[in-house]
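What follows is one structure encoded as structure tokens, with my remarks underneath.
Since the structure is predicted, the reported quantities are computational estimates derived from the model, not experimental observations.
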Amino acid sequence: MSGDHGERDSQVNSGSRANDTHKHKDKHKEHRRKEHKKDKERDKAKHSNSEHREHSEKKHRDKEKERVKHSDGSVDRHREKQKEKDKEKRREEKVKSSHVEGKPKKEKENGHAREMWNSPSPPAIKSEPEEDNGLYPSPKHNKTLKRERDEEEFEYKPKKIKTENGKKAKKRKQEYEDEEEDIKPKKKTKDKKAGADGKKAKKETEEKWKWWEEERSTDGSKWKFLEHKGPVLAPPYEPLPGHVRFFYDGKLLRLSAPAEEVATFFAKMLDHEYTTKEMFRKNFYKDWRKEMTSEEKSKITDINKCNFTEMSEYFKAQSEARKQMSKDEKLKIKEENERILQEYGFCVMDNHKERIGNFRIEPPGLFRGRGDHPKMGMLKRRIRPEDIIINCSKDSKHPKPPQGTRWKEVRHDNKVTWLVSWTENIQGSIKYIMLNPSSRIKGEKDWQKYETARRLKKCVERLRAQYREDWKSKEMRVRQRAVALYFIDKLALRAGNEKEEGETADTVGCCSLRVEHIKLYPKMDDQEYVVEFDFLGKDSIRYYNKMPVEKRVFKNLQLFLENKQPEDDLFDRLNTSILNKHLQELMDGLTAKVFRTYNASITLQQQLKELTSPDESIPAKILSYNRANRAVAILCNHQRANKSLLSTCTEMYIFALINDLCGVLRMVEVKRKAVQRIEEQLMKLQMQATDREENKQIALGTSKLNYLDPRISVAWVKKWDVPMEKIYNKTQREKFAWAIDMAEEDYEF
DNA sequence: AGATGTACTTAGTATGTGGGAG
DNA sequence: CTCCCACATACTAAGTACATCT
């Protein structure tokens with residue numbers, strides 16, 4: 001039990017989505033608690049999204065807080081906790097469940113010693129600008145000289161000049177891994193160009209702008225120049241053809257266009273489970289009424305008497321028809337989409353044409369919250385130009401609002417990265433249009449994130465020693481902080497910000513865990529001090545895990561639980577802001593989420609080392625890679641919807657077949673080549689089958705995209721000569737272009 | 001010191017698509 | 001050549017973090 005965090009033990013997941021089965025009401029408890037709980041009912045009743053859409057109403061929070069102050073910090077567990085959160089709601093729905101157990105995964109972290117420090121800022125050299133797209137002005141350069149740059153591109157000066165050259169590249173590279181290594185010409189691009197002379201045509205793809213070889217801005221500005229065409233608005237509503245009817249209480253009823261539109265939103269979802277949920281229907285109905293004429297309002301008084309089936313059938317037929325369209329009709333549509341993409345899908349940011357992530361404004365519809373969301377079914381209203389804020393350079397060509405309309409505002413804020421924003425009416429939160437992950441602005445940030453995680457790697461043992469020490473603190477808040485941090489580190493829990501009650505599904509993260517989410521077992525089977533976690537996390541995905549902890553942690557937990565009710569906070573003296581403040585003091589830039597990134601990446605690296613066998617085939621290596629990736633996904637609890645075991649039989653059959661073939665192959669041994677080829681195919685099949693099986697519940701994409709330092713994968717691919725496409729698809733290769741370009745096979749996270 | 005607002009990352013699901021099996 | 005399925009992409013909800021306000 002030294003401070004090393006040797007293993008990630010028994011991570012067990014059951015894939016069930018929260019709102020399926022496990023909730024029970026516990027009225028009694030509810031009552032009991034109510035008595036001494038402050039009444040913090042805020043009247044959130046008023047939500048008029050009907051009134052002029054001009055106001056997106058902000059949430060009403062009039063929580064009255066009442067705090068009992070405790071001054072000191074000794075272990076005063078008798079006090080009522082001060083954090084006031086209303087728990088009425090949760091008292092109602094208790095999530096109880098039976099769990100399915102998965103198998104424990106183990107992995108250990110390795111603490112590599114040697115790590116050179118890398119400052120997060122990119123190297124000094126700028127490379128040549130990208131290809132010019134003809135749409136926008138953009139300086140063209142000849143890319144051959146990557147090194148020299150004209151300053152014209154940026155008015156801010158690169159501060160760092162790359163000085164070096166003499167060094168032995170090989171050695172150095174490692175030491176300066178990310179930052180400086182680009183000094184040496186990338187063989188890739190260089191070599192490539194040789195072929196370019198001919199009809200290679202791919203020129204443009206080959207000459208991608210390498211922003212990672214340029215300086216980063218240091219003044220806090222995100223860009224110097226930004227020009228774009230604005231968003232693509234949702235198309236206006238097209239009324240249904242006359243033959244599609246709506247019936248109320250068995251009788252035909254013609255709806256006004258606004259009421260009809262909202263009705264179609266519901267009709268389109270008729271096959272979805274959502275529409276059977278009381279909350280969904282109730283919210284929908286309430287908002288729908290706001291769109292009705294007064295006559296409609298008086299006629300339609302019960303949603304259960306509404307018959308949307310003709311509408312529903314109509315949409316199904318439409319979508320069927322769409323599928324049956326002829327080739328060129330489809331082509332036409334495709335071309336039109338492409339045209340829109342070309343027109344609206346790109347912007348110019350600092351002399352480079354960059355892809356925009358989401359350039360379409362979200363169309364109106366019914367809100368689909370995840371889990372047990374109190375607002376499911378509410379009308380998400382149509383966004384008009386008057387709701388939209390445009391952000392661009394003052395000296396750019398501003399996007400034009402449609403004829404006869406105007407934008408809410410046009411601003412020029414280069415301290416932010418978004419191009420367009422609007423306020424959404426369900427939660428009153430702001431939505432943005434931002435750049436694609438392949439863009440410089442996203443890529444730099446991503447790179448930086450991994451650099452922060454690597455810095456954590458260098459001091460993580462120190463921090464672990466520290467929080468272990470803090471378990472003994474005489475201040476309750478320090479102990480809580482230390483135990484929470486231990487969970488975050490060891491189990492990769494999310495920080496757990498506080499949420500507004502009643503606005504969202506009841507989910508938690510580490511700091512917001514409640515008493516009811518953990519169970520303590522002094523003894524369980526052959527283990528001691530076992531903590532069982534069972535709660536709904538982000539997206540209402542269930543987290544279920546049993547973990548043996550050290551005695552001291554266990555005792556602390558017992559202490560935290562004393563005199564508390566199930567719906568009380570486990571860590572009543574802690575929140576994410578306190579925790580992050582503390583982390584900040586321990587390491588610059590450190591926040592709770594860095595632990596997830598760090599643990600995910602180090603686990604991948606470590607698992608790859610462990611699982612890859614030098615002489616296995618490429619498909620087998622890929623399987624090893626996916627298994628390493630899977631270990632991370634399990635750690636992070638990334639689940640996929642449970643798709644029943646429909647294909648078990650098929651799988652069995654495949655395996656049987658494979659086995660037979662193996663036997664045959666062994667005996668035959670005819671032509672080496674042929675055998676090898678077949679073996680490879682076989683292997684591939686086998687690997688894929690295995691992979692598929694193992695993947696039923698776990699989604700690898702999320703961790704690959706968000707938590708795993710891509711340089712680890714790139715290094716692995718290069719080391720074992722695995723084709724990059726086997727690991728990263730096109731989109732991913734674009735997002736991780738920086739890593740693919742800069743990481744060599746000896747990269748160490 | 002909490003509440004509030006903003007910006008940006010992380011997340012699962014719905015939808016589209018293309019390539020292989022039948 | 002069609003159909004299906006797996007994968008890719010589109011979409012947008014739901015988190016984290018932090019600045020600023022009160």
ask   = Which residue lies toward the 5' end of DNA chain C, A:Arg360 or A:Gly369, if each is placed at its nearest nucleotide?
value = A:Arg360
query = Looking just at side-chain N and O atoms, do A:Thr507 and A:Lys499 make a donor-acceptor pair shorter than 3.5 Å?
reply = yes
request  = Please determine if A:Lys375 forms a cation-pi arrangement with A:Phe367, meaning its NZ or CZ atom is less than 6.0 Å from the six-membered ring centre and no more than 45° off the ring axis.
outcome  = no
task = Compare the minimum distances between each of C:dA10, B:dA7, B:dG18 and the side chain of A:Lys334, then state the nucleotide with the smallest one.
result = B:dG18
message = Please confirm whether the shortest side-chain N or O distance from A:Tyr707 to OP1 or OP2 of B:dA11 is below 4.0 Å.
response = yes
key: Nucleotide-resolved protein contact map, nucleotides 16-22 of chain C, B/S/- at heavy-atom distance under 4.0 Å   = BBS----
request  = Using atom CZ of A:Arg368 as one end and atom P of C:dC11 as the other, report the distance to the nearest whole Å.
outcome  = 14 Å
Exercise: identify the closest heavy-atom pair between A:Phe595 and A:Asp489 = CD2-OD1, 3.6 Å
query = Does A:Thr417 place a side-chain N or O at less than 4.0 Å from the phosphate oxygens OP1/OP2 of B:dA7?
reply = no
request  = Answer yes when A:Lys277 and A:Asp372 have at least one side-chain N-carboxylate O distance shorter than 4.0 Å, and no when they do not.
outcome  = no
Euclidean distance, atom CG of residue A:Asn575 to atom P of B:dG2 [Å, nearest integer] = 7 Å
request  = Using a heavy-atom cut-off of under 4.0 Å over every strand shown, decide if A:Tyr432 touches base, sugar-phosphate, or nothing.
outcome  = base
message = When you measure from the side-chain N and O atoms of A:Lys380 to the phosphate of C:dA13, is any distance below 4.0 Å, counting only OP1 and OP2?
response = yes
task = Using a 4.0 Å heavy-atom cut-off across all strands, classify A:Arg596 as base, sugar-phosphate, or nothing.
result = sugar-phosphate
request  = Round to a whole Å and report the spacing from NE2 of A:His373 to P of C:dA13.
outcome  = 9 Å
remark   = Of A:Gln732 and A:Gly537, the one whose nearest nucleotide on DNA chain C sits closer to the 5' end is A:Gln732
request  = Look at the side-chain N and O atoms of A:Lys222 and state whether any lies under 4.0 Å from the OP1 or OP2 oxygen of B:dC8.
outcome  = yes
request  = Return no unless some side-chain N or O of A:His272 is found under 4.0 Å from OP1 or OP2 of B:dA14.
outcome  = yes
task = Tell me whether the OP1 or OP2 atom of B:dA7 has a side-chain N or O from A:Lys431 closer than 4.0 Å.
result = no
query = Over how many whole Å does the gap from A:Met376 atom CE to C:dA13 atom P extend?
reply = 13 Å
request  = Identify which one of A:Arg322, A:Lys316, A:Gln324 satisfies the side-chain hydrogen bond (donor to acceptor under 3.5 Å, both in side chains) criterion when paired with A:Glu320.
outcome  = A:Gln324
remark   = In whole angstroms, the gap separating P of B:dT9 from CG of A:Asp539 amounts to 17 Å
request  = Ignoring backbone atoms, establish whether A:Thr702 has a side-chain N or O less than 4.0 Å from OP1 or OP2 of B:dG12.
outcome  = yes
request  = Compute both the distance and the angle, then confirm whether A:Arg384 meets the cation-pi test with A:Trp422: under 6.0 Å from the six-membered ring centre, within 45 degrees of the axis.
outcome  = no
key: Between C1' of B:dG12 and NZ of A:Lys704, the distance in whole Å   = 17 Å
request  = Give a yes/no answer on whether the side chain of A:His638 brings an N or O atom under 4.0 Å of OP1 or OP2 in B:dA11.
outcome  = yes
query = More 5' along DNA chain B: A:Asn706 or A:Ser421, using each one's nearest nucleotide?
reply = A:Ser421
request  = Would you please confirm or rule out a distance under 4.0 Å between OP1 or OP2 of C:dA13 and any side-chain N or O of A:Lys538?
outcome  = no
ask   = Looking for any heavy atom pair under 4.0 Å, which part of the strands does A:Pro363 touch: base, sugar-phosphate only, or nothing?
value = sugar-phosphate
inquiry  = Would you say that A:Met376 contacts A:Tyr274 through its side chain, given a criterion of any heavy-atom pair below 4.5 Å between the two side chains?
reply    = yes
request  = Determine whether the aromatic ring centres of A:Tyr707 and A:His638 lie less than 6.0 Å apart.
outcome  = yes
message = Evaluate A:Glu336 against A:Lys332 for salt bridge (charged side-chain N to carboxylate O under 4.0 Å, His left out), listing each step before the verdict.
response = CA-CA 6 Å; A:Glu336 172 62 5; A:Lys332 213 162 241 164; over 6 Å; no
request  = Figure out the CD/P separation between A:Gln427 and B:dT4, and round it to whole Å.
outcome  = 15 Å
Between C1' of B:dG12 and CZ of A:Arg370, the distance in whole Å = 5 Å
